[in-house]
Protein chains: 2
Amino acid sequence: MTVSVVIVDDHDVIRVGVRESLDDDIDVVGEARDVESAVAEIRAKAPQVVILDVHLPGGTGGGALDVLAEVLHRPGAPRVLALSVSDAAEDVVATVRAGARGYVTKSISGPDLSDAVRRVATGDAVFSPRLAGFVLDAFGAAGGEVAAADEDLDKLTEREQEVMRLIARGYTYREVAEKLFISIKTVETHVGKVLHKLQLSNRHELAHWAAQRRIV
Amino acid sequence: MTVSVVIVDDHDVIRVGVRESLDDDIDVVGEARDVESAVAEIRAKAPQVVILDVHLPGGTGGGALDVLAEVLHRPGAPRVLALSVSDAAEDVVATVRAGARGYVTKSISGPDLSDAVRRVATGDAVFSPRLAGFVLDAFGAAGGEVAAADEDLDKLTEREQEVMRLIARGYTYREVAEKLFISIKTVETHVGKVLHKLQLSNRHELAHWAAQRRIV
DNA sequence: GGCACCATGAGGGAACCCCCTGATTCGACC
DNA sequence: GGTCGAATCAGGGGGTTCCCTCATGGTGCC
């Protein structure tokens, strides 16, 4: 069985590396280096699998998460295999929660990567050994419902998350307002709700909170 | 002119990517994935250039630095081009101080990488644009002697550093004042001097600055 | 149609942050 | 003995942050 894939990574070197590492029975039908072209490429080529760099720059949700959000919630969606230099628990959990079917680090060998792509294509979930523990901790265990690491994050509405990210990066209320084309007062309202929902008391704690789960 | 290179990186995917990205006039004569085999390979193959992953695991000095130490201080030593996902100032400065003749990130394109290899081979120093600033700041300028990576930190008096650390952790001026048994006004003065000396504009940037060099 | 929730925004106030000028004390240095 | 830097502190001003309350329009649900 031939598997079609699209490779999304902003690093030319890594895209080449992935492409050349894959076995002949895996057909690279497209590549992209940013959020916009990734979404377009995936819709156009409709691959079975997307190999997605977790640290993709751009977008409003941190790059890779934007791509996942755009691409997954429609019929015929591809399976997504996340590829990352990071093995931090937060990255893994956020990515998997966003819909990725697998998560491997760039330390993976070529044959193993090909194998992971094939397994994801058939519906398996694939995780590097040292990541499996994180996933099992974050899911299952509790008994069906997701005992997620960022159950907190889910409490926030989309708009609140958007504002939260900008605030966590150090933008002033005024700057956030300008970026999102809303008034300062609305930003204040959103921030207030975010702080309350996350049980934080000021923007410094928020920045720290966000940094810890690599949201920023 | 053909240039001979040895590629050192613990990630299979990246070694393949680098190898395949290089032009035909660059001859990959060897590869290695850890400190020991890198040193052996470089001595055996005596390449003109070594492409070295900065985050190489193993060894006593952080991997890449061990390789540099072993390989450089002998006649006929190769030129070393450091390759990294990181553009943190400390990494760059430490690597260059250890003897690397160039430092590029993995976001470099294939042709640019080939060009960098050729230029390093001929004795040029090559740095990604956004890294050049760090290098010029850390070296030269002062006039011969090496101005260390945290020359910035040295500008601060002890008291200023103490205040800076607390501010960077998110304490309010009032809290810092209480912790250090001084008045809020004194804290303000110290913070003002710190921001000025470090060329920062507010406490958020200070927190970020401190986080980057792992001061907090 | 109500109800809940979300996004938007206003007004006002207390606290906090940042900058400016200016001051005193103390120890080090030439 | 004067000079210089470090550390301490004050007053004031303008902008920012955080917390209230309140209000409107839209959307999804029963």
Side-chain angles (χ1 to χ4, degrees), chain A residues 59-61 65-66 69-70 73-74 98 150-211 215-216, chain B residues 142 147 150-211 215-216:
Chain A
T60 59
L65 298 184
D66 290 324
E70 283 296 320
H73 58 68
R74 51 177 61 200
D150 46 10
E151 148 182 281
D152 281 339
L153 190 58
D154 277 359
K155 293 179 189 165
L156 306 182
T157 68
E158 272 195 38
R159 198 57 158 173
E160 284 164 359
Q161 290 187 31
E162 207 169 354
V163 172
M164 176 273 291
R165 265 182 268 270
L166 294 172
I167 292 297
R169 283 181 197 161
Y171 290 106
T172 65
Y173 286 13
R174 174 179 309 280
E175 288 164 341
V176 173
E178 283 165 6
K179 261 185 188 296
L180 300 181
F181 303 106
I182 57 181
S183 87
I184 293 180
K185 283 313 222 175
T186 306
V187 176
E188 287 186 33
T189 304
H190 287 316
V191 172
K193 285 183 181 176
V194 168
L195 293 179
H196 180 252
K197 285 183 179 177
L198 301 182
Q199 310 254 32
L200 302 172
S201 54
N202 58 47
R203 58 174 304 153
H204 313 310
E205 289 181 11
L206 178 59
H208 190 234
W209 179 90
I215 292 172
V216 282
Chain B
D150 44 10
E151 128 186 298
D152 280 341
L153 190 58
D154 283 354
K155 290 180 192 164
L156 307 182
T157 68
E158 273 196 38
R159 198 57 157 174
E160 283 164 358
Q161 289 188 31
E162 206 169 355
V163 172
M164 176 271 290
R165 262 182 269 268
L166 294 171
I167 292 297
R169 284 182 198 157
Y171 290 105
T172 66
Y173 286 15
R174 175 180 307 281
E175 288 164 342
V176 173
E178 283 165 5
K179 264 186 186 294
L180 300 181
F181 304 106
I182 57 181
S183 87
I184 293 179
K185 282 310 211 178
T186 307
V187 176
E188 286 187 32
T189 304
H190 287 316
V191 172
K193 286 185 180 174
V194 168
L195 293 179
H196 180 253
K197 285 183 180 178
L198 300 181
Q199 311 253 37
L200 303 173
S201 55
N202 59 46
R203 57 176 304 152
H204 312 310
E205 289 181 10
L206 178 60
H208 190 235
W209 180 90
I215 291 172
V216 281

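First the proteins, then the strands, lettered A, B, ... as listed; each starts at 1.
Val163(A) has its side chain out of reach of Leu156(A): every pair of non-hydrogen atoms, C-beta onward, lies at least 4.5 Å apart. At least one side-chain heavy atom of Tyr173(A) sits under 4.5 Å from a side-chain heavy atom of Arg203(A). With a 4.5 Å cut-off on side-chain heavy atoms, Val191(A) and Val176(A) do not count as touching.
In this structure, Lys197(A) atom NZ and dC5(C) atom P are separated by 10 Å, rounded to whole Å. Taking atom CD1 of residue Ile184(A) and atom C1' of nucleotide dG12(C), one finds them 15 Å apart after rounding to whole Å. Atom NZ of Lys193(A) and atom P of dC6(C) are 7 Å apart (whole Å).
Under 4.0 angstrom from either OP1 or OP2 of dA7(C) there lies at least one side-chain N or O belonging to Thr157(A). Between Arg159(A) and the phosphate of dC6(C), there is no side-chain N or O to OP1/OP2 separation shorter than 4.0 Å.
Contacts between chain B and DNA chain D, taken as any atom within less than 4.0 angstrom of a protein heavy atom, begin and end at dA6(D) to dG12(D).
For the pair Arg159(A) (side chain) and His190(A) (backbone), a donor-acceptor distance under 3.5 Å is absent.
Using a 3.5 Å distance cut-off with no hydrogens or angles, the side chains of Thr186(A) and Ser183(A) do pair a donor with an acceptor.
For the pair Ala207(B) and Ala168(B), the tightest heavy-atom approach, listed with the atom from each and the gap, is CB-O, 3.6 Å.
Within a 6.0 Å sphere centred on CD of Glu205(A), heavy atoms belonging to other residues, nucleotides or ligands number more than 12.
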- Query: What one-letter contact string describes nucleotides 17-23 of chain C from 5' to 3', where B marks a base within less than 4.0 Å of any protein heavy atom, S marks contact via sugar-phosphate atoms alone, and - marks no contact?
  - Reply: SBB----

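Put simply, CD1 on Ile184(B) and CD on Glu178(B) are 7.5 Å apart, with the number rounded to the nearest 0.5 Å.
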